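What follows is one structure encoded as structure tokens, with my remarks underneath.
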Amino acid sequence: MRLDVVTVFPDYLAPLRLALLGRAVDRGIVEVGVHDLRAWTHDVHKSVDDTPFGGGPGMVMRPTVWGDALDDLVPPAGTGGATGSTASDPDSRPLLIVPTPAGRPFSQADAHRYARRRRIVFACGRYEGIDQRVVDEASERMDVEEVSIGDYVLIGGEVAVLVIAEAVVRLLPGVLGNRRSHEEDSFSDGLLEGPSYTRPEVWRDRPVPEVLKSGDHARIARWRRDESLRRTAERRPDLLRRAALGAADLQTLAE
Ligand SMILES: COc1ccc(Cn2ccc3ccc(-c4cc(N)[nH]n4)cc32)cc1
């Protein structure tokens with residue numbers, strides 16, 4: 001997989017080269033390119049924004065600058081660049097992800113879907129966002145998704161790109177090493193992960209739950225499922241409605 005990020009703050013994306021993500025890059029599992037949007041500006045002031053048509057607060061990012069940046073990263077057809085998707089491989093087109101407060105909510109299912117793509121370009125907006133025509137025009141030759149990472153307002157798209165990139169790259173084969181499979185991830189069974197414990201067995205007079213030291217794997221699995229159900233019912237009742245619950249689960253929730 002290749003990830004390209006376009007931003008006016010390239011240093012914000014430095015974490016992509018650290019720790020697990022950095023190791024994935026070093027091992028060639030993912031290639032990462034971070035590009036300063038100002039490299040495509042046309043004026044001495046390297047301006048990337050302008051006042052909004054129709055008035056209103058703040059500034060909007062200019063389509064001319066973004067258009068030139070995306071043309072270089074994903075050359076239009078006929079310029080030797082990427083063409084439309086092939087029927088046999090719908091994921092062959094580059095995917096342009098534009099974080100925005102107005103986007104569709106990003107989910108673990110999206111992370112799995114993105115992890116199958118060969119090429120993802122992230123457009124990091126600032127100010128009040130990017131001129132809408134950039135998305136509209138890019139949609140002619142790329143798959144474009146405007147994505148929100150939550151119902152809160154950030155200052156720009158860079159942090160959202162770090163969140164999405166981490167959620168996606170960790171799913172790539174070989175990135176997490178011998179860690180348990182993704183199938184056991186939080187949300188993988190539709191429920192929240194329950195509590196975890198490690199040594200010492202007693203810490204500030206607080207013992208580890210006895211069942212976890214019992215060696216009875218069936219009993220441990222049941223206890224973990226019950227804790228997961230209780231935590232989900234308390235913190236994310238919306239997830240419960242979508243989860244596949246068995247009779248024992250319903251018994252636990254009824255207690
Ligand atoms: C019209 O309202 C606003 C429009 C833009 C902004 C600042 N801003 C500029 C680019 C950009 C990209 C992503 C996000 C973002 C994503 C999530 N989940 N929260 N905030 C915020 C962003 C603030 C408010």
Side-chain angles (χ1 to χ4, degrees), residues 3-17 21 32-43 45-74 94-115 117 119-139 142-171 185-187 192 235-236 238-239:
L3 302 181
D4 284 288
V5 187
V6 183
T7 168
V8 290
F9 290 116
D11 293 348
Y12 236 104
L13 281 299
L16 288 179
R17 303 196 190 281
L21 295 188
V32 174
V34 179
H35 312 274
D36 185 341
L37 179 67
R38 293 193 195 277
W40 287 279
T41 51
H42 317 293
D43 62 320
H45 300 297
K46 295 185 178 294
S47 64
V48 296
D49 61 307
D50 202 339
T51 52
F53 275 113
M59 305 291 273
V60 175
M61 298 189 96
R62 304 170 68 189
T64 51
V65 182
W66 274 104
D68 288 352
L70 294 178
D71 283 356
D72 275 2
L73 291 171
V74 184
L95 171 63
L96 176 65
I97 297 178
V98 185
T100 166
R104 292 177 188 278
F106 174 65
S107 68
Q108 187 68 9
D110 295 317
H112 281 283
R113 187 162 55 85
Y114 296 164
R117 302 299 292 238
R119 177 96 197 275
I120 300 178
V121 178
F122 289 99
C124 296
R126 283 267 151 171
Y127 306 100
E128 295 302 304
I130 302 171
D131 185 300
Q132 187 61 38
R133 290 169 293 180
V134 174
V135 163
D136 299 344
E137 193 267 351
S139 301
M142 297 178 236
D143 295 329
V144 182
E145 298 198 14
E146 295 183 81
V147 176
S148 164
I149 60 164
D151 291 342
Y152 40 80
V153 182
L154 302 170
I155 299 175
E158 287 79 10
V159 167
V161 167
L162 289 173
V163 166
I164 296 166
E166 180 163 310
V168 171
V169 171
R170 70 181 286 276
L171 295 176
D185 272 350
S186 242
F187 304 103
L192 300 184
R235 299 178 184 177
R236 289 291 305 276
D238 59 299
L239 292 179

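Bear in mind that the values here come from a model prediction, so they are computed numbers and not experimental data. Just so you know, ligand 1 is whichever comes first in the structure, and atom 1 is the first atom listed for that ligand.
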Taken to the nearest 0.5 Å, the spacing of L21 CG from L13 CG works out to 11.0 Å

Show me a pair-per-line table, with atom names and distances to 0.1 Å, of protein N or O atoms that are under 3.5 Å from an N or O of ligand 1.
unit_1, atom_1, unit_2, atom_2, d
ligand 1, 8 (N), I155, O, 3.4
ligand 1, 18 (N), S148, OG, 3.2
ligand 1, 18 (N), I149, N, 3.0
ligand 1, 18 (N), G150, N, 3.4
ligand 1, 18 (N), G150, O, 3.1
ligand 1, 19 (N), Y152, O, 2.6
ligand 1, 20 (N), L154, N, 3.0

Looking at D238, I'd like to know if its CG atom is crowded, meaning that more than 12 non-hydrogen atoms belonging to other residues, nucleotides or ligands lie closer than 6.0 Å.
yes

> Between D110 and R104, is there a side-chain N and carboxylate O pair less than 4.0 Å apart?
Replying inline: no

Kindly confirm or rule out a cation-pi arrangement of R126 over Y12, judged by NZ or CZ under 6.0 Å from the six-membered ring centre and within 45° of its axis? yes

Across all chains, not counting sequence neighbours, the side chain to side chain donor-acceptor pair (under 3.5 Å) partners of D36 are none

Heavy-atom nearest pair, S47 first then V65, reads O-CG2, 3.9 Å

